[in-house]
There are 2 protein chains.
Amino acid sequence: MHELIHKNILKYIDANDEEFLFFTSKLEKLHLKKKEKLIVAGENCKHLAFVNSGCLRAFISDEQGTEHIIQFAVENYWISDLYGFLTGNPAIYTIEAIENTDVLKISRDSLEDVFRRYPKFERFFRLLIERSHVNLQQRIISSLSDSAEKKYLNLFEKQAFLISRIPQKYLASYLGITAESLSRIKKKMFKKE
Amino acid sequence: MHELIHKNILKYIDANDEEFLFFTSKLEKLHLKKKEKLIVAGENCKHLAFVNSGCLRAFISDEQGTEHIIQFAVENYWISDLYGFLTGNPAIYTIEAIENTDVLKISRDSLEDVFRRYPKFERFFRLLIERSHVNLQQRIISSLSDSAEKKYLNLFEKQAFLISRIPQKYLASYLGITAESLSRIKKKMFKKE
DNA sequence: CAAAAAAATTGATGTAGGTTAAATAATTCA
DNA sequence: TGAATTATTTAACCTACATCAATTTTTTTG
């Protein structure tokens with residue numbers, strides 16, 4: 001049950017069994033059915049979540065009610081409204097299950113307990129935030145300089161596993177284009193090959 | 001000479017004179033003439049910089065050689081290639097002076113010294129990263145959902161001090177539009193009023 | 001200060017991707 | 001399973017913004 005998260009943590013830090021057991025003792029299991037929400041924008045985001053199986057999307061809705069997807073998380077990914085989680089302010093994102101999903105979540109307080117007992121976990125968390133920061137940076141750069149087609153190609157090259165798994169309309173929203181445009185881009189790409 | 005940075009730090013944490021003096025002892029002064037660079041993409045980014053006077057821009061150049069501005073920093077702002085600074089990897093951004101600029105910079109190692117001696121400075125740094133994270137988020141959301149005109153209006157409302165100070169072509173680059181488009185947007189806006 | 005360089009404006013024209021609407025195709029669920 | 005819902009595709013048309021090119025304004029610098 002904690003195999004995946006164990007391997008995940010080991011990618012960041014060198015934790016022994018005792019340390020890891022203390023960490024897992026703080027985890028809460030949660031099952032989300034498709035369309036159920038892990039976090040709702042405007043509410044308090046107390047948890048950081050690890051996806052054990054399934055898939056989530058983090059999105060915001062603008063004034064016209066259009067949803068913009070910021071991030072997907074499949075198995076072995078961490079997700080949260082990092083802003084709300086860190087500051088205690090209301091969450092900016094809503095995080096919703098695209099498939100039936102099992103997550104392990106840990107509260108801010110529990111994470112602090114872990115940090116206090118085993119400071120090496122601070123490093124794990126710092127790396128998590130850094131990686132999130134870099135991802136945001138890459139998205140901005142891509143949104144400023146790439147065409148819709150290029151963005152889709154990038155997705156193909158760097159996150160192909162998302163393409164086969166996630167509904168097109170969500171991929172389109174993630175790329176910042178309409179579902180119709182994405183459909184045309186695909187058609188054009190396959191004609192070429 | 002350290003007044004501005006002192007006030008800045010006090011906004012984040014409650015440091016006394018002794019603590020602050022230790023911090024300032026680690027700072028290095030640096031003067032940049034207009035167009036000189038603080039950090040060059042691809043090089044090692046060892047420092048975090050505080051702008052005492054003047055103005056900087058952080059940008060990346062895409063494959064076509066087009067520059068995309070990610071961030072401006074005027075007096076009382078912190079700036080760095082946070083990714084390179086945190087990870088030790090080559091910097092993603094180039095940071096260049098738009099005006100003659102005085103900065104105070106601190107190295108990663110010195111900052112670690114400060115953290116070790118006075119852990120309350122960790123909080124200051126964490127808040128800095130959080131704020132940067134939120135800024136990146138806002139930019140993505142705006143780039144996904146706002147028209148060029150809306151983006152300019154947002155700039156007007158939230159960072160008017162930039163508009164009067166920064167050359168239009170840089171503002172345009174920051175907004176992700178061409179200088180020509182920005183010129184037309186301004187014309188249209190002033191006709192309305 | 002005047003010449004040169006850089007930045008901003010303006011107009012004409014092009015185009016990527018949006019919008020609307022209708023037709024299929026795939027999923028859901030009773 | 002089969003009706004109903006939801007997603008995807010396709011086509012016709014539209015628009016926001018880009019590109020190109022010429023002019024004017026501002027800034028830089030010898």
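Numbers restart at 1 for each chain; the letters A, B, ... are given by sequence-line order, proteins then strands.
Applying the ring pair (Phe, Tyr, Trp, His ring centres under 6.0 Å) criterion to B:Y170, with sequence neighbours excluded, gives no partner residue. The side chain to side chain donor-acceptor pair (under 3.5 Å) test applied to B:Q168 returns no partner, not counting sequence neighbours. For A:Y12, the ring pair (Phe, Tyr, Trp, His ring centres under 6.0 Å) partners two or more places apart in sequence, or in a different chain, are A:F124. Remark: B:Y152 pairs with B:F156 by the ring pair (Phe, Tyr, Trp, His ring centres under 6.0 Å) rule, at least two apart or across chains. Residues passing the ring pair (Phe, Tyr, Trp, His ring centres under 6.0 Å) test with A:Y77: none are found, sequence neighbours excluded. Remark: A:N52 engages no residue in a side chain to side chain donor-acceptor pair (under 3.5 Å) (not counting sequence neighbours).
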Donor-acceptor contacts, no H, no angles, side chain residues 14-21 of chain A, under 3.5 Å, sequence neighbours left out:
residue, atom, partner, partner atom, Å
A:N16, OD1, A:E18, N, 3.1
A:N16, OD1, A:E19, N, 2.8
A:E18, OE2, A:Y118, OH, 2.9
A:E19, OE1, A:N16, N, 2.8
A:E19, OE1, A:K120, NZ, 3.0
A:E19, OE2, A:K120, NZ, 3.3

Just list the side-chain donor-acceptor pairs under 3.5 Å for residues 174-184 of chain B, sequence neighbours left out, or say none.
residue, atom, partner, partner atom, Å
B:T178, OG1, B:S181, N, 3.2
B:T178, OG1, B:S181, OG, 3.1

Could you tabulate the donor-acceptor pairs under 3.5 Å formed by side-chain atoms of residues 90-105 of chain B, not counting sequence neighbours?
residue, atom, partner, partner atom, Å
B:Y93, OH, A:Q137, NE2, 2.6
B:T94, OG1, B:A41, N, 3.1
B:E96, OE1, B:K37, NZ, 2.9
B:E96, OE2, B:R57, NH2, 3.1
B:E99, OE1, B:R165, NH2, 3.1
B:E99, OE2, B:R165, NE, 2.8
B:N100, OD1, B:K34, N, 2.8
B:T101, OG1, B:C55, N, 3.0
B:T101, OG1, B:C55, O, 3.3
B:T101, OG1, B:E99, O, 2.7
B:D102, OD1, B:H31, ND1, 3.0

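In this structure, the CD atom of A:E180 is 10 Å from the P atom of C:dT20, given to the nearest Å. Atom CG in B:L182 sits about 11 Å away from atom C1' in C:dT9, given to the nearest Å. A:R184 places its CZ atom 12 Å from the C1' atom of C:dA21, with the value rounded to the nearest Å. Between the CE atom of A:M189 and the P atom of C:dG17 there is a distance of 14 Å, rounded to whole Å.
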Anything under 3.5 Å between a protein N or O and an N or O of nucleotides 5-8 of chain C, put it in a table, one pair a line.
residue, atom, partner, partner atom, Å
C:dA7, OP1, B:K169, NZ, 2.7
C:dA7, OP2, B:K169, NZ, 3.0
C:dA8, OP1, B:Q168, N, 2.8
C:dA8, OP2, B:K169, N, 3.0

Could you go through nucleotides 22-30 of chain C and list every protein N or O atom that sits under 3.5 Å from one of its N or O atoms, giving the distance for each pair?
residue, atom, partner, partner atom, Å
C:dT28, OP1, A:K34, NZ, 2.3

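Under 4.0 Å is where a charged nitrogen must lie from a carboxylate oxygen, and between B:E112 and B:R108 at least one such pair does.
For DNA chain D, the outermost nucleotides in 5' to 3' order that have an atom under 4.0 Å from a heavy atom of chain A are D:dA7 to D:dA12.
Nearest approach of B:S173 to B:E67, heavy atoms of both residues: OG-O, 3.2 Å.
Residue A:T178 places at least one side-chain N or O under 4.0 Å from the OP1 or OP2 atom of C:dG18.
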